[in-house]
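Contents: one structure, followed by commentary.
The figures that follow rest on heavy atoms only: side chains count, while hydrogens, waters and symmetry mates do not. Below, chain A is the first sequence line, B the second, and so on; all start at residue 1.
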Amino acid sequence: MNYWLMKSEPDEASILDLQRAGTLPWTGVRNYQARNFMRDVMRLGDGVLFYHSSCPEPGVAGLAEVCSAAYPDATQFDPASPYFDAKSPREVPRWLHVDVRWRETTRLLSLKEMREAPELASMQVLQRGNRLSITPVSPQEWQAVLKRLHTA
DNA sequence: GCCAACGTTGGC
DNA sequence: GCCAACGTTGGC
């Protein structure tokens, strides 16, 4: 069982969108490291911190879980999609994604509060220069985030 | 809109 | 395989 933090722009897919939909395909990842996490390390039932990014109040907005294995991302073959990749061969699709299931919509644990929390200082998403949209979360960090989400 | 940080591309 | 140029991310 692993834990992850996954970034989503709420304009595209917010925690409320996920709550309404139940499950959503995590399409649009175009970074090899993030793809490899989904393909090689993620397992069914892995815990996900759903993080709102590129928005007025960035931070963790809810909890989700991985609910599929990685499979080819259809948007890479759609010329009308912003995620279209002309160089991805159909026989060997370059981009994959998992599906994610809603678990809980929480209070917003803001990026500011995360930065001020000593017990979260090790989180990869807080490290200088981090841009990865999917980052591993340790069991200790997961527990610490849950504790904060469920208090104050 | 700015810009730091980092990933990708492509010429050599 | 190096590395400069360019593109993207994402907080502010």
Side-chain angles (χ1 to χ4, degrees), chain A residues 2-21 24-42 46-66 68 70-100 102-138 140-142 144-149 151-152:
Chain A
N2 301 305
Y3 301 100
W4 307 93
L5 181 142
M6 297 174 77
K7 295 180 187 173
S8 181
E9 301 188 12
D11 285 351
E12 279 204 39
S14 72
I15 188 69
L16 291 177
D17 293 327
L18 182 61
Q19 180 169 3
R20 276 188 287 268
L24 284 175
W26 204 270
T27 54
V29 170
R30 294 295 180 268
N31 171 284
Y32 289 105
Q33 212 178 331
R35 180 204 66 182
N36 293 348
F37 281 142
M38 291 195 286
R39 187 188 62 188
D40 303 332
V41 193
M42 277 188 182
D46 278 3
V48 173
L49 302 174
F50 193 108
Y51 180 94
H52 285 173
S53 72
S54 294
C55 59
E57 280 195 294
V60 173
L63 305 177
E65 67 184 39
V66 175
S68 83
Y71 63 101
D73 183 338
T75 62
Q76 71 197 304
F77 301 122
D78 176 5
S81 167
Y83 300 118
F84 179 62
D85 182 354
K87 292 181 185 168
S88 179
R90 285 213 170 249
E91 322 77 61
V92 197
R94 181 177 295 183
W95 304 113
L96 308 172
H97 65 80
V98 298
D99 293 343
V100 163
W102 178 83
R103 259 197 213 164
E104 186 180 340
T105 299
T106 63
R107 77 176 179 93
L108 183 82
L109 174 57
S110 69
L111 177 60
K112 180 172 183 293
E113 182 179 346
M114 293 171 76
R115 287 200 186 285
E116 289 168 353
E119 77 277 18
L120 302 183
S122 62
M123 291 188 72
Q124 194 171 327
V125 72
L126 301 181
Q127 305 312 307
R128 177 187 158 89
N130 166 78
R131 296 189 318 176
L132 258 191
S133 62
I134 299 176
T135 49
V137 172
S138 76
Q140 293 77 12
E141 291 161 352
W142 173 266
V145 168
L146 258 59
K147 189 173 177 188
R148 274 196 177 260
L149 282 174
T151 55

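- Residues that satisfy the side-chain hydrogen bond (donor to acceptor under 3.5 Å, both in side chains) test with A:Ser81, not counting sequence neighbours, are absent from this structure.
- Residues passing the salt bridge (Lys or Arg N to Asp or Glu O under 4.0 Å) test with A:Lys112, sequence neighbours excluded: A:Glu116.
- Two end axes, each from the C1' atoms of five base pairs, can be drawn for the helix from B:dG1-C:dC12 to B:dC12-C:dG1; they diverge by 10°, to 10 degrees.
- A search for side-chain hydrogen bond (donor to acceptor under 3.5 Å, both in side chains) contacts involving A:Arg20 returns A:Asp17, not counting sequence neighbours.
- Formation of a donor-acceptor pair under 3.5 Å by the A:His97 side chain with backbone atoms of A:Met38 is not found in this model.
- With sequence neighbours left out, the side-chain hydrogen bond (donor to acceptor under 3.5 Å, both in side chains) criterion links A:Gln127 to no other residue.
- For residues 70-91 of chain A, proximity to DNA chain C is found at no residue, defined as any non-hydrogen atom under 4.0 angstrom from a strand atom.
- Taking the salt bridge (Lys or Arg N to Asp or Glu O under 4.0 Å) definition, one finds that A:Arg107 meets it with A:Glu113, sequence neighbours left out.
- Extent of DNA chain B lying under 4.0 Å from chain A heavy atoms, first and last nucleotide in 5' to 3' order, is B:dA5 to B:dG10.
- Legend: residues meeting side-chain hydrogen bond (donor to acceptor under 3.5 Å, both in side chains) with A:Trp26, ordered by chain and number and at least two apart, are absent.
- Note on residues 54-66 of chain A: pairs passing side chain to side chain donor-acceptor pair (under 3.5 Å), not counting sequence neighbours, are A:Glu65-A:Arg101, A:Glu65-A:Arg103.
- Checked against ring pair (Phe, Tyr, Trp, His ring centres under 6.0 Å), A:Trp102 has no partners two or more places apart in sequence or in another chain.
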Determine all donor-acceptor pairs shorter than 3.5 Å in which one atom belongs to a side chain in residues 71-78 of chain A; sequence neighbours excluded.
from	atom 1	to	atom 2	distance (Å)
A:Tyr71	OH	A:Asp99	OD1	2.6
A:Tyr71	OH	A:Asp99	OD2	3.2
A:Asp73	OD1	A:Thr75	N	2.9
A:Asp73	OD1	A:Thr75	OG1	2.6
A:Asp73	OD2	A:Gly28	N	2.8
A:Asp73	OD2	A:Arg30	NH1	3.1
A:Asp73	OD2	A:Thr75	OG1	3.4
A:Thr75	OG1	A:Arg30	NH2	2.9
A:Gln76	OE1	A:Ser88	OG	2.7
A:Gln76	OE1	A:Arg94	N	3.3
A:Gln76	OE1	A:Trp95	N	2.9
A:Gln76	NE2	A:Asp73	O	2.8
A:Gln76	NE2	A:Trp95	O	2.9
A:Asp78	OD1	A:Ala80	N	2.8

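- The 5' end of DNA chain B is approached more closely, in terms of each residue's nearest nucleotide, by A:Arg128 than by the other of A:Arg128 and A:Arg94.
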